[in-house]
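Below is one structure, written out as structure tokens; comments come after it.
Naming: A, B, ... by sequence-line order, numbering from 1 per chain. Scope of the values below: all heavy atoms of this structure, side chains included, with no hydrogens, waters or symmetry mates.
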There are 2 protein chains.
Amino acid sequence: MAGGLGICICENCEFREVIFPHLTDEEVHELCANKSESHYRKGEIIHREGEEITDFKYLKKGLVKVFRTLSDGTEQIVTITRPFEFISNVSFFTRNSYTYSISVLEDSTICHVSLDYMRELFSGNANLAMGLLARVTRVNEGIITQSLEIRNKNLVGRVAFVILFFAREVYSSKVFDLPVSRKEIADFISMSTANVIRTFSDFKREGIINAEGKMIEVIDMEKLDLLAKRG
Amino acid sequence: MAGGLGICICENCEFREVIFPHLTDEEVHELCANKSESHYRKGEIIHREGEEITDFKYLKKGLVKVFRTLSDGTEQIVTITRPFEFISNVSFFTRNSYTYSISVLEDSTICHVSLDYMRELFSGNANLAMGLLARVTRVNEGIITQSLEIRNKNLVGRVAFVILFFAREVYSSKVFDLPVSRKEIADFISMSTANVIRTFSDFKREGIINAEGKMIEVIDMEKLDLLAKRG
DNA sequence: CGCGGCTTTGATGTTCATCAAGTAAAGTGG
DNA sequence: CCACTTTACTTGATGAACATCAAAGCCGCG
């Protein structure tokens, strides 16, 4: 990770409206003095579960995975998060240590503000707190529904779901490079790596997708949709 | 459902500290004038997914299940909620309609306050908003972790998990009456009804539990724990 | 008392994890 | 830059786990 400089350009930050819609220019200026920005590279760990929460963090650019490590050492992926979302969302304000670990899937930029300052900021601004409440709730609701969806599908449906997740929600494109390994997909949908790979091969053989290493191309979106809904 | 009278006794309500720890006596008095209390019987539906959110609701007494109905008409249980929690928690402040349905497992008392009044209350009280934020986050975090736990276990582990859930978190007793049918347990842990029943029978045969209809008695807690962790 | 829904158990086939063995790709040190 | 090591990927074969179907008993309710 490369250190943050904290240059105060938040007034013009394109994410200001998304994250802090209720702050005045003056308040944003003050916030800026207390924030810093960090860059992380693919593979780096932002924080581990159990570590003390010191900062409010949100993802400005990139892609990260939220995961937890099970007692047998394997990883379970909670969700994959795109920009504009807090990445400490699940634990924020509730605990003093993170519930889940976060690692970087694509080079990312994180903005962070000390928790103490955030608390102070919130104490004087109910609108800000309510806005955050709404956002946190929505993020959590998304994670819950995603988990229920996954639980409800069989192997084929889960793999179709993941491909559609990347094509629609992450990349908005039929062609994209997978930011995760086959094993990570398995960790995400709670299936074995071998069977995830087998299903990719099946989809390829049936002309539903094209796949060369990390490159994925969705050929038959309708079929994939059907498989995701059926399974 | 039996209608609410709204008698103003909130000042002495044993749940005041739990739900509204940051309100003064005066504020609670005003809140009271805007709240009402409803009683629901086992089997009644408090609200259905898709219905407009009009009230902030929390569970004062009883037991409810949060669920969603899938496209094929079957139910998937999101979680089972005990008193002191908001029951509209997942959707609150985010959407104008409920994401999940809620029905009553044991005769329940719900306190509800109009959403408009709640919003007003929050606008002027950042501490209240922050307190709610913390609570909502914690509830959601619990649901997420629960779902991940379930996904991670096999049939035996999931059934053991559910029995322990009721014994420890709901009833704090080794002997209790199941508030749900075998089918509902299946809907909760995403397994078939027949296999849930079969597993109950296995546990009974192995002397891990005793089960007569709805009555469940945990005999070997350690064994059950082991099965829940293994699977 | 009869109907429908819940419960139970057995039998059967499908789905899935696991093991194994081999190939490809990607990092590592000389 | 190449040899080496490790990690990711791929496919087949096998057995375990699970859903589904079917039949029968049970219970509550109109």
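Considering A:I216, A:V218, A:N210, A:I163 in turn, A:I163 is the only one that fulfils the side-chain contact (heavy atoms from CB on, under 4.5 Å) rule with A:F203. Checking B:F67, B:Y40, B:Y100, B:Y98 one by one against B:H47, the ring pair (Phe, Tyr, Trp, His ring centres under 6.0 Å) holds for a single residue, B:Y98.
When distances are taken from the side chain of A:S192 to each of C:dT9, D:dA19, C:dA17, the shortest belongs to C:dA17. Considering only side-chain atoms of B:L155, the nucleotide from C:dC16, D:dC18, C:dC6 that sits closest is D:dC18. When distances are taken from the side chain of B:I197 to each of D:dA17, C:dT9, D:dT10, the shortest belongs to C:dT9.
B:F203 places its CZ atom 14 Å from the P atom of C:dT8, with the value rounded to the nearest Å. Rounded to whole Å, atom P of C:dG5 lies 19 Å from atom CZ of B:R182. One interatomic measurement links the two molecules: NZ of A:K42 to P of D:dA8, which rounds to 12 Å at whole-angstrom precision. The CG-C1' distance, from A:D187 to C:dA17, rounds to 14 Å in whole Å. Remark: P of D:dT20 and CG of A:N154 are 10 Å apart, rounded to the nearest angstrom. A:K183 has its NZ atom 17 Å from the C1' atom of C:dA25, to the nearest Å. The CG atom of A:N152 sits 17 Å away from the P atom of C:dT15 (whole-angstrom rounding). Atom NZ in A:K153 sits roughly 20 Å away from atom P in D:dC18 (whole-Å rounding).
When the side-chain nitrogen and oxygen atoms of A:K214 are compared with OP1 and OP2 of D:dC9, one or more of them lie within a distance under 4.0 Å. The phosphate of D:dT10 (OP1 or OP2) has no side-chain N or O of A:R198 nearer than 4.0 angstrom.
In this view, A:R68 and B:E149 satisfy the salt bridge (charged side-chain N to carboxylate O under 4.0 Å, His left out) rule, not counting sequence neighbours.
Between the side chains of A:T79 and A:Q146, at least one donor N or O lies within less than 3.5 Å of an accepting N or O. Residues A:E44 and A:S103 bring no donor and acceptor atom of their side chains to less than 3.5 Å of each other.
A:S201 comes within contact range of the sugar-phosphate backbone alone, with a heavy-atom separation under 4.0 Å but no base atom that close.
Residue B:N195 places a side-chain atom within donor-acceptor reach of the base of D:dA19, judged by atom type and a 3.5 Å distance cut-off alone.
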